[in-house]
A.B. asks: 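Got a structure for you, written out below as structure tokens; questions coming shortly.
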Amino acid sequence: MSAVIPVAGTVTNLEKAEPLLAVRDLTIDFGDKSIVKNLSFAIEPGETLAIVGESGSGKSVTALSLLGLLGPRAKVAGAIEFRGQNLLPYDFKRLAHLRGNAVSIIFQEPMAALNPVYKIGRQLSDVLRNHMNLTAVEARIRVLELLNKVKLPTPEAKYDQYPFELSGGQLQRVMIAMAIACRPKLLIADEPTTALDVTVQAGILDLLRELQAEMGMSVLFITHDFGVVADIADRVLVMRHGQQVETGAVDTLFAAPREDYTRMLLSAVPSLAKAGYRGNAATDVRSPVLQLRNVGVSFRGRRGHVLKALDGIDLAIARNEVVALVGESGSGKSTLGNVAAGLIRIDQGEVIVDGTPRQGAGASSGLHSPSLHSPGVSMVFQDANASLNPRMRIGATLRAALKWGRRYRPDLDASDSYIRSIMAEVGLGPELFERFPHELSGGQKQRVGIARALSVKPSLIVADEPTSALDVSVQKTVLELFRKLQQQHGFACIFITHDLSLAATNSNRVVVMNKGRIVEQGPTADVLRHPSDPYTRALLNSIPLPDPVAQRARRAQREDAGANP
Amino acid sequence: MGLAAYCAKRLLVGLAMVVCVQVIIFLAIQVVPGDPVEAMMSETAGVGPEVIEALRQQFGLDKPIPVRLLDHIVGLFRLDLGTSLQYNQSAFAIITSRLAVSIELVVLAAFFGIVGGIFFGSLSVRTRWGDRLISVCGPFILSVPGYVLGSVLILALSLTLGWLPAGGMAPFSDPLAHMQRLVLPVITLALPIAATIAKVTRFEILEVRTQDWVRTSRAYGFPTKVTFRRDILRNALTPVLTISALELGGLIGATVLVEKVFNLPGLGSLLVSAVGIRDYALIQGAVFVISTFYIIINIAADIMYGFLDPRVSKR
Amino acid sequence: MKRYILPLLAITLIVFAVAGPVLVSADPIKQNIVARFAPIGTPGHLLGTDNFGRDVLARIAAGARVELFTALLSTLIALTAGVVIGVTAAYSQGLTEGVLMRLVDVMLSIPPLILALLVVASLGPSVLTLIGVLALLFTPGFARVAYGQTLSVRSRPFIQAAVIYGAPRRAIVFGQILPNIAAPLLAQASLTIASAILVGSGLGYLGLGIRPPMPSWGGMVADGQRYLGSHPMLMIVPGVFVVSTILVFSVLGDVLRTLWDPRERGGR
């Protein structure tokens, strides 16, 4: 093997000083499947490198391989040099000294990454005492310092709480406290904000930047989100199929991507700044498809605790109109979607579909029941896979929906030729008719969901985060299809999403929800350009812009505002 | 909800359970066609109807069923389980005299079974031969009924090799003879428990091992042993505990068989002979004691579960 | 090939139970004092004779019929009753759910063999009682599995989809829920057959199963135990049949469960 393989674009930078971490010709195989091929990169002290790619690109596997966390099935070859020492082949005694000490890591699901049966304080002090010689009392003091440092509210109380008593954002702060406990030189962050809401994500990213500046550590940031990349990275490495596509400084890569794949990814990223807003729909507001009047839904929790999932909702959806419901988790947007689809009984108010009040509304029960059925409303689910009966072929799934629909509307056509024509319309080949769901890709399954929703000739489709489980490139094509179908068939649509930039390009009207209430609604362009409600503004400001220059400007502005309130 | 409230709630549910079970037992026995006195007397020739009537009054069988049920439940709280027709003695006294042997068997078998099961279950994950042992011997042991296993052990270790006595019981005053006579019955009872617990422990460990927090533990440089004890075994034990409590139900049933195989004077053999001659007070009493014991064990397991898994008791 | 061995063995056992008495010409209850304790391999008595000179093979075959017949029938009854209870409870929720599942809890809080003894005590030993007892014993187990499975399937989006597209209740239960909970129930059924043989033969051993002189495997072991010192084969032969039958059905159940469980298949 020759000396250093030059990494394209940063040759001069690299050769000056010895990098903190240098990875050369990293190749990772699982059995006879090659997950990472000849990957080389380096991280300088104090630098943030973001590895970005779609699912299956091998980015997380790369991150885990640095600490030897892939398990015995993985064959790792090449060189991983940390401060000049090659970690390959793994020497687990030496790695144990490095792990959590000079190199630490945080994960995607903070709730799953902490052991549910130990208190927060115990888990942190265990980490401290594993690498340092501390008494229990000293460890406790250090832990409380750390919890303060990651800005966890009421650290003394949190010390004695269990992971399930904290929120996702708080737990990620605890994980960060654990990661910085031994003042690492390198922090590996494996999609640390993917499972979090945007406002929470913004807080975590701020914290990471602050800690990095203060402690001078390097960060390897794994993500699929170009907004996050623009916000946090100094340099970017784009991966696909286990290989490097291109790498470079964040500004140059965003401004002038050299590779087609990078260009394609960047163009698929939904962006508020570049959004082509849709105008108002040509529609008749006097006879709405769906009308909700003062609708309330509560769930009974344990110990008689009542949670108001929806409170005083007034909403009308007109024909041919796409209304985006946006909000963070727990805002009630999905509950509202389920009410519209007839999956949940309401406790209060009334639901009118196509001019007729829905049967069964008003009865208080969280139970779904066929008596709530409204012909004319159909739904596209977030988890396309789970929305298809695993034991039914695609054709049979579509036929079943039509046959059930014929009980209410005998004019529906349930013949195979009609089903095949609908499949063709959503871009599914006729050969898929006899396939089972598990034989289809994620994007194909969602197309089946769309075909099913479309086949019953609905007046309203509820689309609940239909693309959030898909990669950006697939998301783009599915949304384009959906938009085309909506314009052709003219059904009204409730489009539920947590992503404001998707709402921007895909809706006529936006309804912003928070804590079970509607905080703001209006034409999409108006609301997103000139938000009047403080919550909407906070939400808009938290979305990292997929443009490093603009994002830097906004961050500076936010920090100024923070400095002189 | 705190742990204390959780415990109190479990205890109340347990008490309700005891009463429900008792009602079921009562109904199962009393509300069948024909009555016990007739059933008993039909075997004895030449008993006049007036004798039967007198006996019925003596045992309170002439009163309507709800009254008898109430009397019965009230009696339970005064530890009055009725009078045995067969021995003409307080059923409670007879049962307590037989209790010691059965409890000894159950406790010893449960202890060795659970501890051995957890040990071999953990071993099977960490070593290849342990894995073989569990996957080959486990299903086999579980398919041998207690009465067959007991008979085989007697044949091999008592009759052929002459190492241990074949059956019967010796009093506590002769500890060596007492222990010798317990060895085979306890092995017979503990083996299937150990096999089940080992299987469950193994399954749970494999399950927990894939959890994210185990990866975290490795990623923060904890020694393998610490990760195994702190983050794998500890979490795997919670479901093992639940299964252990359930297994005790099977263990209590197996005790009945094993007491017969080894000819031990326990509660199980008492129950079997009582069923054979339909001594209802004795049957009711023995089933009551056994099911109450089982319910208590299950409550204890639930409460321990609350300690082991904070998510259960803290919500 | 290997995957067919267990089902084949199970079928062989069932065929043996059905056709055994036809294949073995000897009468299982005919005593013959002259030919007592004939050893294994005696012409005309392949597995020897017992203390009354009865043909052991004939008794094994007749016993197989009893043990398997009671086990299969009671499992079928318990499966049906358990599925009805479990699915109803999970699908209806509310009061029905509470009452049904508490009832199941109470049933489960009596140790199985003890419950069996109780019922035998009140109804007297017979084949019908045996089937009833075993069915009663295993119904709560099926109810639990059916309940848990239905609950987890019920909340999945494809059921919600069926509701939205107007599926009637019947179509949801029979067309959507049952096919998706059938596999774990089938595995449970196979394990239950094994348990039913275990408990049933145990009752036979205690003399509380089927009335003598009708042979049962458990009863044969009990009889054989009395001659353990002199003629151990009288215990060992029926013992081997009990053990291997239980083994076949329980391993079959485990295999079925593994096939169904995606975690074990390495799917996720």
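Hydrogens, waters and symmetry mates are skipped; everything else that's a heavy atom, side chains included, is used. In what follows, chains carry the letters A, B, and so on, assigned in the order in which the sequence lines appear, proteins first and then strands, with residues in each chain numbered from 1.
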A.B. asks: Go through the atoms of B/Tyr294 and report whether side chain, backbone, both or neither lie under 4.5 Å from a heavy atom of chain C.
C.D. replies: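 Looking at B/Tyr294, just its side chain touches chain C.
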
A.B. asks: Minimum heavy-atom separation for C/Ile246 and B/Pro145, please, with both atom names.
C.D. replies: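 The answer is CD1-CG, 4.0 Å.
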
A.B. asks: Select one option (side chain, backbone, both, neither) describing which atoms of B/Val18 are under 4.5 Å from chain C's heavy atoms.
C.D. replies: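 No part of B/Val18 comes within 4.5 Å of chain C.
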
A.B. asks: At a heavy-atom separation under 4.5 Å, does C/Leu208 approach chain B through its side chain, its backbone, both, or neither?
C.D. replies: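 The side chain, not the backbone.
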
A.B. asks: For a quick test of reading the model, state the closest non-hydrogen atom pair linking B/Ser143 to C/Ser250 and the distance between them.
C.D. replies: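 Taking B/Ser143 first and C/Ser250 second, the nearest heavy atoms are OG-OG, 3.5 Å.
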
A.B. asks: Check whether B/Ile25 gets within reach of chain C through its side chain, its backbone, both or neither, counting any heavy atom under 4.5 Å.
C.D. replies: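 Both parts, backbone and side chain.
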
A.B. asks: If you take all heavy atoms of B/Pro139 and C/Leu247, which pair is closest and at what distance?
C.D. replies: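 So the two residues come closest at O-CD1, 3.4 Å.
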
A.B. asks: Tell me, for B/Val261 versus chain C, whether the close heavy atoms (under 4.5 Å) come from the side chain, the backbone, both or neither.
C.D. replies: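 Contact with chain C is through both the backbone and side chain of B/Val261.
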
A.B. asks: So for atom CZ, which belongs to C/Phe69, do other residues, nucleotides or ligands contribute more than 12 heavy atoms lying within a distance under 6.0 Å?
C.D. replies: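 Not more than 12 within 6.0 Å, no.
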
A.B. asks: Name the option with the most non-hydrogen atom pairs under 4.5 Å to chain C; the candidates are B/Leu149, B/Leu155, B/Val144.
C.D. replies: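 When all of B/Leu149, B/Leu155, B/Val144 are compared, B/Leu155 has the most.
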
A.B. asks: Is it the side chain or the backbone of C/Ser244 that comes within 4.5 Å of chain B heavy atoms, both, or neither?
C.D. replies: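 For C/Ser244, neither part sits under 4.5 Å from chain B.
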
A.B. asks: Could you check B/Val13 against C/Asp105 for side-chain contact (heavy atoms from CB on, under 4.5 Å), going step by step and ending with a plain yes or no?
C.D. replies: CA-CA 11 Å; B/Val13 170; C/Asp105 284 349; over 6 Å; no

A.B. asks: As an exercise: rank B/Asp279, B/Leu257, B/Ile290, B/Ile24 by heavy-atom pairs under 4.5 Å with chain C and give me the winner.
C.D. replies: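 Of the options given, most contacts go to B/Leu257.
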
A.B. asks: With distance as the sole test, does B/Lys260 use its side chain to make a donor-acceptor pair with the main-chain N or O of C/Ala222 at under 3.5 Å?
C.D. replies: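 Such a contact is absent between B/Lys260 side chain and C/Ala222 backbone.
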
A.B. asks: Count the heavy atoms of every other residue, nucleotide or ligand shown that sit under 6.0 Å from OH of C/Tyr227, and state whether that count exceeds 12.
C.D. replies: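 Above 12, so yes.
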
A.B. asks: Taking every heavy-atom pair that is under 4.5 Å apart, which of C/Leu198, C/Ile110, C/Leu118 has the most such pairs with chain B?
C.D. replies: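 The answer is C/Leu118.
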
A.B. asks: Go through C/Leu206, C/Val221, C/Val240 and name the one with the most non-hydrogen pairs under 4.5 angstrom from chain B.
C.D. replies: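 Option with the greatest count: C/Leu206.
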
A.B. asks: B/Ile283 versus chain C, heavy atoms under 4.5 Å apart: side chain, backbone, both or neither?
C.D. replies: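 B/Ile283 touches chain C through side-chain heavy atoms alone.
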
A.B. asks: For B/Val21 and C/Ser109, which heavy atoms make the closest approach, and how far apart are they?
C.D. replies: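 Minimum heavy-atom contact is CG2-OG, 3.3 Å.
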
A.B. asks: Looking at every non-hydrogen atom in both residues, tell me the closest pair between B/Tyr147 and C/Gly202 and how far apart they are.
C.D. replies: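 Looking at all heavy atoms of both residues, the shortest contact is CE2-CA, 3.7 Å.
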
A.B. asks: Shortest non-hydrogen contact from B/Gly250 to C/Pro112?
C.D. replies: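 It is N-CD, 4.5 Å.
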
A.B. asks: In Å and rounded to the nearest 0.5 Å, what is the CD1 to CG distance from C/Ile114 to B/Leu271?
C.D. replies: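 Going from the CD1 atom of C/Ile114 to the CG atom of B/Leu271 covers 5.5 Å.
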
A.B. asks: Is C/Leu108 in contact with chain B via its backbone, its side chain, both, or neither, using a 4.5 Å heavy-atom distance?
C.D. replies: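 The backbone, not the side chain.
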
